Structures are given as C-alpha cells and as structure tokens.
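Everything quoted here is computed from the prediction, not taken from an experiment.
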Amino acid sequence: MTTSPPQPPQNPYPGQPAGYGPPPQQFPQYTQPDQQQPGQYPGQYPDQQQGQQQYHGQPYQQAPQQPQQQAQFPQGQYPSQPQFGQSFPQQGAQQSFAPQGQMTCRFCGGYPAAEATVRGHQGMIILMRFLKLQGPFCRTCGIASVRDMTSKSLWQGWWGVGSSIINPITMLMNIGPMQKFKSLPEPQPGPGRPMNPGKPLFQRPAILMLLLPVALIALIVFANLNSTEAKADVGACVVNNGTSTSPDVKVVDCTSSEAEYKIVGKIDDSTDDSQCDQYNAEASYVSEHGSDKYTLCLVHVK
C-alpha cells in the first residue's frame, strides 16, 4: 500500500504569505443565509464546523435552554414597592413595655403613671393666656412639667391687672398634681426619653419674681398706713400744701413749724362740714375717694 505524505495547509487568505494572517477563530467568515457551504448546517459558522470534525463528525446539537424563572410581580410594581393598602410601620412608634392594663406616661412610656393636668398662665397687659399640659405622667415627667410650667408662670404671669390675680391661683393649682407625682415610685424605663426635672423651683432665678407681688402688696400697705386718713385722728396736726379750692392736706408733727391746723373732730362717712359746728371748728377739710369719705374739723395751731 502506498501512502501520500501530509500536505501543508493551504493559505486561506490569498495575497498573504503562508502562515500569516489572522486565525479563523478571530475573524470568522460569515455566509449569507442563501449561501451555505457543503456540510454546514443552516446558521452554522466555520468554526462550529471544525468543532464538529473534532467530535468525529457527530452532528452539532445545541443544549436545550432552561427557561429562566422570573419573579412575578403585579404590573407596574416592583419588589421595593408595597402592595396597595399595605401599611408601613410608623417611624418612632413607641411600644409599651408596661404590663397589660398598666397606665403609661404619655411622654416617655414609663410606668407607673398618674392622670393629672399641669397649668400655667401668661399675662399680656390687656390679654391673658391660659396654658395646660395633660397627662398621664410618670414621676419624672410629672415633676419636670410642674417645675417648667410654674417657672414660666413666675416670669410671664404677672403682666396685667387681671393676670396678677389669676397667676398665683394658677400656680397654687399645681400643688395637687405635684403631690400626686411625688407619691409615685421611680418609673420603669419606657421606649422614650423622660423629661429632665432640672433644679427645684427655689433654686431657679425665676423664684425671685415672687418678690414682685410681695413688693407691690407691701407698697400698697405702706401707702395706706401713711395716708392722711390713717393718721388723721383727733389731736393730730395737719398742713395744707395746696389751696383753699384744691387742698393738699398732710399730717405732720404738732411740734413742727409746718403744723398749721389741729384736728378737733372727725366725721366718718360724711361730707357734711356743717357738723363741725359742734366742735367750734374754724375750718374743715372734706375728703372723698370713691366710697371712702370723711370730714375733718380743724382749728388753727396757737
């Protein structure tokens, strides 16, 4: 048997030296659908035909593709979007740690707690404003609320005639809630942060505002004690710093050089100076301020 020696491969790229040019797998030659080469399946490339020859001429079979399973979502919705009607958990929602049926603090969620109302007042010369803070409160938040509301009332509650009367009453109304809060035990921690009680009222600068009504009351009492009516008793001496038509009578010491008249009679709740005739008075002085009125019967100091 005679065998022929192997022949060198033919140059697939005309015009190029043998052994040069891009390999077939880098630049495959495509054929039009209507131009098929012998031994080539429809839609098959040359490199695929060589691969078939490596498998001893077995026809090329493409492995069946497994259908990809995609998650089914309603049309127009994505996984990150909630279904219609689905509620989100509210951020900051507090979950009570208290036993079932136990009243919890409205502000920090601690327990035990007591129901109460803390009040405050603001005076604005003509207008006024009533403030209130409702519970329930734990011991810590309740004491903090009373101290804060009362401290603000001490600064802001006096400015006005009506507020000067209502403000102390409002602050006294907080004594009851304060005693209720102090009777509670220390609270068990809840999901929120409790209020800061701060310093007691008597250690705060606002407590100095209590001196304002005290000073006002003292001024009124002092003015009444030193008024002419308070000192104008029989035997006292007075001086008229005004005129006969607009008198300004003041009580002075009888030994003073200012003493001008001496009181020999006093008629309360009357402005009838004719009654001074019974005292042989040489002059009279009539005072009337609202419902307060009196008449002084006078003689010259000798």
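Distance check: Gln134 CD to Thr117 OG1 gives 4.5 Å after rounding to the nearest 0.5 Å. Note that CG of Leu219 is 11.0 Å distant from CD1 of Ile217, once rounded to the nearest 0.5 Å. Expressed to the nearest 0.5 Å, how far CG of Asn174 lies from CG of Leu133 amounts to 10.0 Å. Note that CD of Gln102 is 9.5 Å distant from CD of Gln188, once rounded to the nearest 0.5 Å. The NZ atom of Lys199 sits 11.5 Å away from atom CG of Asn196, with the distance rounded to the nearest 0.5 Å. Here Ser284 contributes atom OG and Ile263 contributes atom CD1; the two are 12.0 Å apart, rounded to the nearest 0.5 Å.
In this structure, the side chain of Arg193 does not engage the main chain of Cys108 through any donor-acceptor pair within 3.5 Å. Between the Asn240 side chain and the Asp248 main chain, a donor and an acceptor come within less than 3.5 Å of each other. When atom types are taken as modelled, the side chain of Ser256 and the backbone of Val252 share no donor-acceptor pair closer than 3.5 angstrom. Proximity of a side-chain donor or acceptor of Arg139 to a complementary backbone N or O of Glu186 within less than 3.5 Å is not detected. Checking side-chain atoms of Gln179 against main-chain N and O of Gly176 turns up no donor-acceptor pair under 3.5 Å. Side-chain N or O atoms of Ser151 include none that pairs as donor or acceptor with a backbone N or O of Asp148 at under 3.5 Å.
Residues Tyr111 and Met103 are not in side-chain contact: their nearest non-hydrogen atoms beyond the backbone lie 4.5 Å or more apart. Taking 4.5 Å as the limit, some side-chain heavy atom of Thr150 sits within range of a side-chain heavy atom of Leu201. Using a 4.5 Å cut-off on side-chain heavy atoms (C-beta onward), Val239 and Asn241 make contact. Contact check for Gln122 versus Leu131: side-chain heavy atoms found under the 4.5 Å cut-off. The shortest distance between side-chain heavy atoms of Met171 and Leu154 falls below 4.5 Å.
Residues Leu296 and Ile267 fall into different hydrophobic clusters, defined by Ile, Leu, Val, Met, Phe, Trp and Tyr side chains chained together at heavy-atom separations under 4.5 Å. A single hydrophobic cluster is seen to contain both Tyr285 and Val251, as judged by linkage of ILVMFWY side chains at heavy-atom distances under 4.5 Å, directly or through other members. Both Ile207 and Leu212 are members of a single hydrophobic cluster when ILVMFWY side chains are connected at heavy-atom separations under 4.5 Å. Put simply, Trp158 and Ile126 are part of the same group of oily side chains (I, L, V, M, F, W, Y) that touch within less than 4.5 Å, one to the next. Each of Leu172 and Ile166 belongs to its own hydrophobic cluster when Ile, Leu, Val, Met, Phe, Trp and Tyr are linked at side-chain heavy-atom distances under 4.5 angstrom.
The minimum heavy-atom distance linking Thr140 with Pro194 is given by the pair CG2-CB, 4.2 Å. Across all their heavy atoms, His121 and Ser163 have their closest contact at NE2-OG, 3.1 Å. Of all the heavy atoms in Gly198 and Arg147, the pair that sits closest is O-NH1, 2.9 Å. Shown here for Cys254 and Ala259, the closest heavy-atom pair between the two residues is O-CB, 3.9 Å. The minimum heavy-atom distance between Cys105 and Phe137, with the atom names listed, is SG-CA, 4.0 Å. Nearest heavy atom pair, residue Gly110 against residue Cys138, reads O-CB, 4.5 Å.
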Open item on the list: With side-chain contact (heavy atoms from CB on, under 4.5 Å) as the criterion, how do Tyr294 and Lys266 come out once you've worked through the C-alpha distance, each side chain's angles and the decisive distance to 0.1 Å?
Closed with: CA-CA 7 Å; Tyr294 62 92; Lys266 183 178 181 180; 4.1 Å; yes
TODO: Apply side-chain contact (heavy atoms from CB on, under 4.5 Å) to Val264 and Val234, showing your working.
DONE: CA-CA 5 Å; Val264 293; Val234 175; 5.6 Å; no
Open item on the list: side chain to side chain donor-acceptor pair (under 3.5 Å), that's the test. Do Ser270 and Asp272 meet it? Break it down for me.
Closed with: CA-CA 6 Å; Ser270 176; Asp272 184 10; 5.4 Å; no
TODO: Check the pair Met178 / Ile143 against side-chain contact (heavy atoms from CB on, under 4.5 Å), numbers first and verdict last.
DONE: CA-CA 6 Å; Met178 188 65 163; Ile143 293 176; 3.8 Å; yes
Open item on the list: side-chain contact (heavy atoms from CB on, under 4.5 Å) for Glu260 and Val301? Distances and angles first, verdict last.
Closed with: CA-CA 6 Å; Glu260 186 177 3; Val301 175; 5.9 Å; no
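Judged as a salt bridge (charged side-chain N to carboxylate O under 4.0 Å, His left out), not a single pair has a partner in residues 109-135 (not counting sequence neighbours).
The environment of CZ in Phe130 is crowded: more than 12 heavy-atom neighbours from other residues, nucleotides or ligands sit within 6.0 Å.
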